[in-house]
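A short write-up of the structure that comes next.
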Amino acid sequence: MPTVLLCPPDFFDVVDQKNPYMLRESAVDRAKAHSQWEALCSILRENGCEIETIDPVKGFEDMVFAANQVFVGEKNGYGKFAVPSHMVYASRQREVPFYADWCRARDYRIIELDYASDYLEGHGDLIWHPDGSRIYGGFGFRSTRGGVEKFTAAMSEMGIPVVPLQLVDPYCYHLDTCLCPLNDEAALVFPGAYTAEALASLHKFWKRIHLLTAEEAHRFMGNGIVVNGSYITPYVTPQLEAMLHQEGLTPVIVDTSEFEKAGGSCFCMKTFLP
Ligand code: ARG
């Protein structure tokens, strides 16, 4: 049974502009946010997931985005590990110790990186190939090239290669908005989010790349959750539905409108635990 970590949106809000989606005019409806979050949890449960939660902390308006504070994994001979992030925004950096402690209390090996002036934002920018053979590392807006390099050095000790991918579209400031693995062979990719070099590397590692349009990517259709043959997504288009169908996946729609005001959707709100 897949286990997934989420954080209730008790203190969720949009108070500043960390990414281009966060406009001050779009006030958050917290009651609506709560029901959308509950609906996401129900859909995950219906798809066979066990849900674990971390306690929300007052004043941490983005803590609901549980994909960013730690990168987790498991490797034969090393066990479960967690790499605490170095978040760009100070308010988000304060979330990190809570997630690191959560992992420490569950016996994850904590791998601290010496970031200095580099940044790394967990599963927002670091995405496992589904078979665990490598990790894709996005950089350019939030994580830095140096952050991904330091992470790469740490992973190489466990024999896990990291593929660096430079991002260029501010609306795709995290890799999880423009790369979504569907299975070991296929991924959804929004090509406009990458340098030519990054796009060429992606083509090396996936047999089938299904291209999203800018419209789809900017509405978080590449920020879905793949589980149990479902693709949990805030919206779907006929072309996305056809691509999912080719890969044996069925779209399941969950409204995340309140969280989109903060620049996040389904994928950003959870971390699959090893
Ligand atoms: N407001 C949050 C931020 O800008 C959104 C994070 C979205 N997370 C993600 N994995 N894309 O930090």
Side-chain angles (χ1 to χ4, degrees), residues 4-28 30 33 36-37 40 54 56-57 59-72 83-96 98-99 119-128 135-144 147-148 151 165 167 169-181 188-190 193-194 212 216-226 232-234 254 256-273:
V4 60
L5 175 63
L6 286 95
C7 177
D10 296 22
F11 307 106
F12 171 59
D13 207 349
V14 173
V15 297
D16 54 6
Q17 199 187 348
K18 303 182 184 80
N19 62 61
Y21 298 89
M22 302 178 87
L23 302 167
R24 285 308 299 261
E25 306 95 74
S26 48
V28 165
R30 194 146 322 137
Q36 291 177 348
W37 184 84
L40 175 63
I54 181 168
V57 181
F60 289 17
E61 72 280 356
D62 272 322
M63 196 168 171
V64 66
F65 295 109
N68 301 138
Q69 302 84 352
V70 287
F71 175 85
V72 296
V83 182
S85 297
H86 186 205
M87 303 288 300
V88 171
Y89 294 99
S91 67
R92 296 220 63 193
Q93 181 52 25
R94 289 192 286 272
E95 302 166 11
V96 173
F98 290 90
Y99 279 77
Y119 296 100
L120 193 68
E121 298 210 340
H123 295 269
D125 277 324
L126 301 168
I127 297 182
W128 280 105
I135 299 162
Y136 301 91
F139 67 90
F141 291 99
R142 305 293 281 272
S143 301
T144 54
V148 170
F151 176 77
L165 299 168
L167 305 177
D169 175 353
Y171 284 90
C172 293
Y173 61 95
H174 270 151
L175 183 62
D176 67 7
T177 60
C178 51
L179 171 65
C180 188
L188 298 175
V189 167
F190 167 49
Y194 301 92
L212 294 171
E216 288 166 334
H218 296 168
R219 295 178 72 211
F220 300 101
M221 283 181 242
N223 192 249
I225 303 176
V226 178
I232 304 170
T233 174
V254 55
T256 58
S257 60
E258 292 313 299
F259 302 101
E260 291 161 37
K261 295 174 181 174
S265 184
C266 306
F267 188 99
C268 312
M269 288 158 70
K270 60 92 196 79
T271 284
F272 276 112
L273 297 170

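Given the structure is predicted, the values throughout are model-derived calculations rather than measurements. Order of appearance sets the numbers: ligands from 1, and atoms from 1 within every ligand. Heads up: numbering here begins at 1 and tracks the sequence.
- The CG atom of N223 lies 9.5 Å from the SG atom of C172; values are rounded to the nearest 0.5 Å.
- Interface atoms of ligand 1 facing G263, defined by a heavy-atom separation under 4.0 Å, are 7 (C).
- For ligand 1, the atoms closer than 4.0 angstrom to any heavy atom of H174 are 8 (N), 9 (C), 10 (N), 11 (N).
- For ligand 1, the atoms closer than 4.0 angstrom to any heavy atom of G124 are 10 (N).
- Put simply, CD1 on I127 and SG on C178 are 7.5 Å apart, with the number rounded to the nearest 0.5 Å.
- No part of M87 comes within 4.0 Å of ligand 1, judged by heavy-atom distances.
- Taking a 4.0 Å cut-off on heavy atoms, H123 fails to register as neighbouring ligand 1.
- Considering V15, D176, T271, D13 only, the shortest heavy-atom separation from atom 10 (N) of ligand 1 involves D176.
- Ring geometry for Y21 against Y171 counts as perpendicular: the plane angle is over 60°, on a 0 to 90° scale with 30° as the lower cut.
- Considering backbone and side-chain N/O atoms, R142 comes within less than 3.5 Å of an N/O atom of ligand 1.
- There is a side-chain donor-acceptor pair under 3.5 Å between D169 and H218.
- Under 4.0 Å from ligand 1, the heavy atoms of N68 that appear belong solely to its side chain.
- A side chain to side chain contact (heavy atoms under 4.5 Å, CB included) with L120 is found for one member of V88, V148, N68 and no other, namely V148.
- Between F139 and L165, the closest side-chain pair of non-hydrogen atoms is not below 4.5 Å.
- For ligand 1, the polar-atom distance check against R92 finds a nitrogen or oxygen pair separated by under 3.5 Å.
- The proximity of M22 to ligand 1, defined as any non-hydrogen pair under 4.0 Å, is limited to the side chain.
- In this structure, the ring of F259 has its center no less than 6.0 angstrom from the ring center of F220.
- For the atom pair CG of L212 and OG1 of T177, the computed distance is 10.0 Å after rounding to the nearest 0.5 Å.
- For atom 7 (C) of ligand 1, the choice among F220, F12, F267, Y173 with the nearest heavy atom turns out to be Y173.
- Nearest protein heavy-atom contact of atom 9 (C) of ligand 1 is C268 SG, 2.9 Å.
- A salt bridge does not link D125 with R142: every distance from a Lys NZ or Arg NE/NH1/NH2 to an Asp or Glu carboxylate oxygen is 4.0 Å or more.
- Atom CE of M269 is separated from atom CH2 of W37 by 8.0 Å, given to the nearest 0.5 angstrom.
- Closest to atom 5 (C) of ligand 1 by heavy atom, among A262, G122, G264, is A262.
- The ligand atoms of ligand 1 that sit less than 4.0 angstrom from a heavy atom of D62 are 1 (N), 2 (C).
- Taking the centre and axis of the six-membered ring of F267, the NZ or CZ atom of K270 falls inside the cone set by 45° and 6.0 Å.
- In terms of polar-atom proximity, defined here as any N/O pair under 3.5 Å, N223 makes no such contact with ligand 1.
- Of all protein heavy atoms, the one closest to atom 4 (O) of ligand 1 is N19 ND2, 2.9 Å.
- No heavy atom of Y21 sits closer than 4.0 Å to any atom of ligand 1.
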